[in-house]
Amino acid sequence: MKGKRDKEETKTTESDSSQPVNFIRAIIAEDIKAKKYESRVNTRFPPEPNGYLHIGHAKSICLNFGVAAEFGGLCNLRFDDTNPTKEEVEYVEAIQEDVRWLGFDWDNRLYYASDYFEQLYQFAVQLIRKGKAYVCDLSPREMKDYRGTLNEPGRESPYRNRTAEENLSLFKRMKEGEFPDGSRTLRAKIDMTSGNINMRDPVIYRILHAFHHRTGNKWRIYPMYDFAHCFSDSMERITHSVCTLEFEDHRPLYDWFLDALDVYHPQQIEFARLNLSYTVLSKRKLIELVERGYVSGWDDPRMPTISGLRRRGYTPESIRNFCERIGVAKRDSMVDMGLLEYCIREDLNKTAPRVMAVLRPLKVVIENYPEDLVEEMEAINNPEDPGAGTRKVPFSRVLYIEKDDFREDPPKQFFRLAPGREVRLRYAYYIKCTDVVKDDQTGEVMELRCAYDPATRGGDSPDGRKVRSTLHWVSASHALEAEVRMYDHLFTKPDPNDVEEGLDFKSYINPDSLVTLTSCRVEPGLAGAEPGSVYQFERQGYFCADIDSSEGSLIFNRTVTLRDTWAKIEKLQK
RNA sequence: UGGGGCGUCGACAAACGGCAAGUCAGGAGACUUUGGAUCUCCCAUCUGGAGGUUCGAAUCCUCCCGCCCCAGCCA
């Protein structure tokens, strides 16, 4: 058993072409070789519970948990909950659900920065004792003024040289709640002339008389990110503290705090955050979409949130594959939404049962088909998976086909049904269109009259004649009615963050990002489709039963369309 | 004009001085009872630019150009 495992491990390390190398994996591999951190690997995923997780977080989750697993290490889940004014339990619960759903497990290593408040307070006291921190009475306005600008150095606070005793006493009184919000801060004493503004005596603690979702009213002072994060990493004995590029400037501060108290020192490594075309991935913007009602909620299937993607029909597997494919690097980039769509198609193609559903029904009467006859046609559930078996689909004289599958004046290369033309009905018969019934007033095509060839049952013609097209269909009297929500990109612009003068990102919201179709007809086998279950509606795309769906009212979300060669041709013709 | 990063195919992204991987997109064809899937082939004589070092440079050096981040008591 052990021998076998060793062999497998050897194999995977040798063929590391299967695991794309990225610079973070490379650093960790080298550290292990150099016996740094006793060759341990312990990463962490540290979300702030102030919003839902999105696909950009998935990149970080896959990286942190993935790399830990790969090197036989651990990854902690830690809530970075140091700002009670923005954080909520709703988010901490949703975040855990999403990480778990993505397929990752933190075992018993669920931590909160707020669990460290007492220890963090002690660290701050130590810093004061060492003369490396001081209580500052500058108002926010004044502090900004003293900070200087990008080009000019800052000036030292007049409170910078208080004695340790005075600082200790003041800091204690801050903790006790003696002072109002904003009246004082605890600051690190570093260098007001530093070119790196983060080093110009950054605030470590601020006064906040706010209720914290975990510590209640116990604290009136809360640590800032830079202070809390490095020490949290240190206390958890994190080896590699992976974060996004905007924290690169904070690394000197991260290092400064840990060195100042000479404690265990993880290393911070930064990578570029994900940008995805046709959507936004900033929490601020996502919150705005939710709160202003541009979408139905965090789990609106158009949202790039994990919960939105889940409701849309994306699988954890497809998202993990996506994160693997996009790679990890330090340069800013914008990943094509098409790649995410490719990943879900790739997954669903292998697993989704095929089914026939008519989204925009057009009535077809097979005039030479017996009035009362109903035949059960055998259909393949998944051509990619023979084990998925077959099913029976009822066929009768009156059917529905897709409106788009008929053209009175078929353009070049349109192979589907047209007057006088013969096509195949999938798993059924060849039919030929003999007549078109139109509305007298509008001229709209209301119904097609067709003739079938009984010799083609099952879809093959004994005389070997070919038809260019195969259409999906449902039997009118057997089909179930369903609502189908056709989702598309939330934004019309590849980069909605690139705003023109006088507009903002919301100006580019796609008005057709949701088109609801109500009188769709689906094959009877879909009765009672489990919410969340995904199907391929043949020739259309992948659809999943929405959580709003029930036995009595079927609702499907379009996850993604199938690749559509005809749509491409048609677009070129226009 | 300060500090920190980054520039390789339309989009991602490898290559760590030895002669530009792979993936998506795109194109051509084969096959096809999904215009799906699958399969085959094509798609950077070139790595932001200019010099230099070297037998040899995307990789090293110099200068230039461009893009991103930082002036919250947010993370």
Side-chain angles (χ1 to χ4, degrees), chain A residues 17 20-22 26 46-48 50 80-83 85-87 136 138-140 143-144 147-154 181-187 193-200 202-208 221-222 224-226 228-229 243-252 270 272 277 283-284 324-343 345-346 349-350 354 356 379-380 383-384 413-416 424-428 430 456 458-460 467-472 494 536-541 561-569:
Chain A
S17 54
V21 298
N22 62 53
E48 183 189 12
N50 67 343
D80 217 333
D81 54 352
T82 57
N83 185 354
T85 65
K86 290 188 177 168
E87 298 150 7
C136 182
L138 253 26
S139 70
M143 196 179 294
K144 184 181 164 70
R147 187 157 32 231
T149 68
L150 294 179
N151 301 315
E152 304 153 23
D181 287 6
S183 59
R184 282 178 227 262
T185 55
L186 181 71
R187 294 226 261 165
T193 67
S194 175
N196 181 347
I197 292 176
N198 295 302
M199 300 299 271
R200 321 242 260 228
V203 171
I204 300 176
Y205 267 92
R206 76 284 216 184
I207 300 171
L208 241 36
I221 53 172
Y222 291 91
M224 297 288 290
Y225 164 84
D226 287 302
H229 203 90
C243 62
T244 44
L245 247 33
E246 66 271 26
F247 292 102
E248 208 148 21
D249 286 348
H250 294 242
R251 181 160 21 101
E270 311 84 10
S277 61
K283 264 193 206 170
R284 202 212 92 222
E324 201 54 62
R325 264 187 253 249
I326 58 176
V328 178
K330 292 197 72 159
R331 81 179 77 112
D332 294 313
S333 60
M334 165 85 66
V335 175
D336 192 333
M337 179 66 92
L339 183 58
L340 216 209
E341 294 174 345
Y342 170 82
C343 291
R345 283 193 192 104
E346 178 190 45
N349 175 49
K350 290 180 295 192
R354 271 57 169 175
M356 291 194 283
I380 293 165
E384 303 297 314
Q413 293 189 81
F414 181 90
F415 306 135
R416 281 111 96 148
R424 170 168 42 232
L425 292 180
R426 180 142 232 227
Y427 302 125
Y430 284 13
T456 58
D460 287 306
V467 288
R468 286 299 298 266
S469 185
T470 301
L471 308 187
H472 61 279
Q536 185 194 97
F537 287 2
E538 291 213 30
R539 305 206 303 132
Q540 317 252 26
T561 61
L562 249 28
R563 267 189 66 216
D564 191 344
T565 309
W566 165 244
K568 219 177 281 172
I569 295 169

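Only a predicted model underlies this, so the values are computations on that prediction, with no experimental measurement involved.
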Side-chain ([X]) to main-chain ([Y]) donor-acceptor, under 3.5 angstrom:
X: A:Arg424; Y: A:Gly459; answer: yes
X: A:Asn198; Y: A:Asp249; answer: yes
X: A:Thr149; Y: A:Asn151; answer: yes
X: A:Ser194; Y: A:Met199; answer: no

Determine the Euclidean distance between corresponding [atom1] atoms of [M] and [N]; express it in Å to zero decimal places.
N: B:G66; M: B:G49; atom1: P; answer: 15 Å
N: B:A14; M: B:U47; atom1: C1'; answer: 12 Å
N: B:C9; M: B:G22; atom1: C1'; answer: 13 Å
N: B:A71; M: B:C63; atom1: P; answer: 29 Å
N: B:A30; M: B:A37; atom1: C1'; answer: 14 Å
N: B:C55; M: B:U40; atom1: P; answer: 44 Å
N: B:C64; M: B:U1; atom1: P; answer: 12 Å
N: B:U45; M: B:G5; atom1: C1'; answer: 32 Å

_Nucleotide pairing, RNA chain B (Watson-Crick or G-U, distances under 3.5 Å), in dot-bracket with [ ] and |_ = .((((((..(((.....[...))).(((((.......))))).....(((((..]....))))))))))).....
Using whole Å, report how far [atom1] of [X] lies from [atom2] of [N].
X: A:Asp332; N: B:C6; atom1: CG; atom2: C1'; value: 7 Å
X: A:Arg468; N: B:U34; atom1: CZ; atom2: P; value: 13 Å
X: A:Glu270; N: B:C68; atom1: CD; atom2: P; value: 19 Å
X: A:Met334; N: B:G7; atom1: CE; atom2: P; value: 17 Å
X: A:Leu562; N: B:U38; atom1: CG; atom2: P; value: 11 Å
X: A:Lys330; N: B:G7; atom1: NZ; atom2: C1'; value: 14 Å
X: A:Asn349; N: B:A37; atom1: CG; atom2: P; value: 7 Å
X: A:Glu538; N: B:U32; atom1: CD; atom2: P; value: 18 Å

*Which nucleotides of nucleotides 69-75 of chain B have their base under 4.0 Å from a protein heavy atom (B), which only their sugar-phosphate (S), and which neither (-), written as one string 5' to 3'?*
BBBSBSB
Report which part of the nucleic acid [X] touches: base, sugar-phosphate, or nothing (heavy-atom distance under 4.0 Å, all strands).
X: A:Phe414; result: base
X: A:Pro383; result: base
X: A:Glu384; result: base
X: A:Val328; result: sugar-phosphate
X: A:Ile380; result: nothing

*Between A:Ser194 and B:G2, does any side-chain N or O lie under 4.0 Å from OP1 or OP2?*
no
_Any side-chain N or O of A:Arg331 below 4.0 angstrom from OP1/OP2 of B:U8?_
yes
*asked:* Just confirming the chi classification of B:G72, syn or anti, using 90° around 0 as the syn window.
replied: syn
Nearest 0.5 Å please: distance from the [atom1] atom of [X] over to the [atom2] atom of [Y].
X: A:Ser183; Y: A:Leu138; atom1: OG; atom2: CG; answer: 12.0 Å
X: A:Arg426; Y: A:Leu471; atom1: CZ; atom2: CG; answer: 11.0 Å
X: A:Arg354; Y: A:Glu384; atom1: CZ; atom2: CD; answer: 5.5 Å

Return a table of donor-acceptor pairs under 3.5 angstrom between the side chains of residues 327-340 of chain A and protein atoms on other chains or two or more places apart.
unit_1: A:Lys330; atom_1: NZ; unit_2: A:Glu248; atom_2: OE2; d: 2.4
unit_1: A:Asp336; atom_1: OD1; unit_2: A:Gly338; atom_2: N; d: 2.8

*asked:* For a side chain to side chain contact (heavy atoms under 4.5 Å, CB included) check, start with the C-alpha distance between A:Asn83 and A:Asn50, then their side-chain angles and the critical distance, and finish with the verdict.
replied: CA-CA 9 Å; A:Asn83 185 354; A:Asn50 67 343; over 6 Å; no
_Test of understanding: with side chain to side chain donor-acceptor pair (under 3.5 Å), list the residues that count as partners of A:Ser277, not counting sequence neighbours._
none
*asked:* Is it the case that B:G35 (base atoms only) and A:Arg539 (side chain only) share a donor and an acceptor within less than 3.5 Å, ignoring hydrogens and angles?
replied: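 Check fails, no donor-acceptor contact within cut-off.
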_Taking salt bridge (charged side-chain N to carboxylate O under 4.0 Å, His left out) as the definition, give me every residue that meets it alongside A:Arg539, ordered by chain and number, with sequence neighbours left out._
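So A:Arg539 forms a salt bridge (charged side-chain N to carboxylate O under 4.0 Å, His left out) with A:Asp405.
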_Residue whose closest nucleotide on RNA chain B lies nearer the 5' end, A:Gln536 versus A:Glu152_ = A:Glu152
*Given A:Arg325 and A:Tyr342, is the side chain to side chain contact (heavy atoms under 4.5 Å, CB included) satisfied, shown in steps?*
CA-CA 11 Å; A:Arg325 264 187 253 249; A:Tyr342 170 82; 3.6 Å; yes
*Salt-bridge present (A:Arg251, A:Glu270; N to O < 4.0 Å)*: yes
*Could you check A:Trp566 against A:Arg416 for side chain to side chain contact (heavy atoms under 4.5 Å, CB included), going step by step and ending with a plain yes or no?*
CA-CA 10 Å; A:Trp566 165 244; A:Arg416 281 111 96 148; 3.4 Å; yes
Can you check nucleotides 21-25 of chain B for protein contacts, nitrogen or oxygen pairs under 3.5 Å, and list what you find?
unit_1: B:C24; atom_1: OP1; unit_2: A:Tyr342; atom_2: OH; d: 2.9

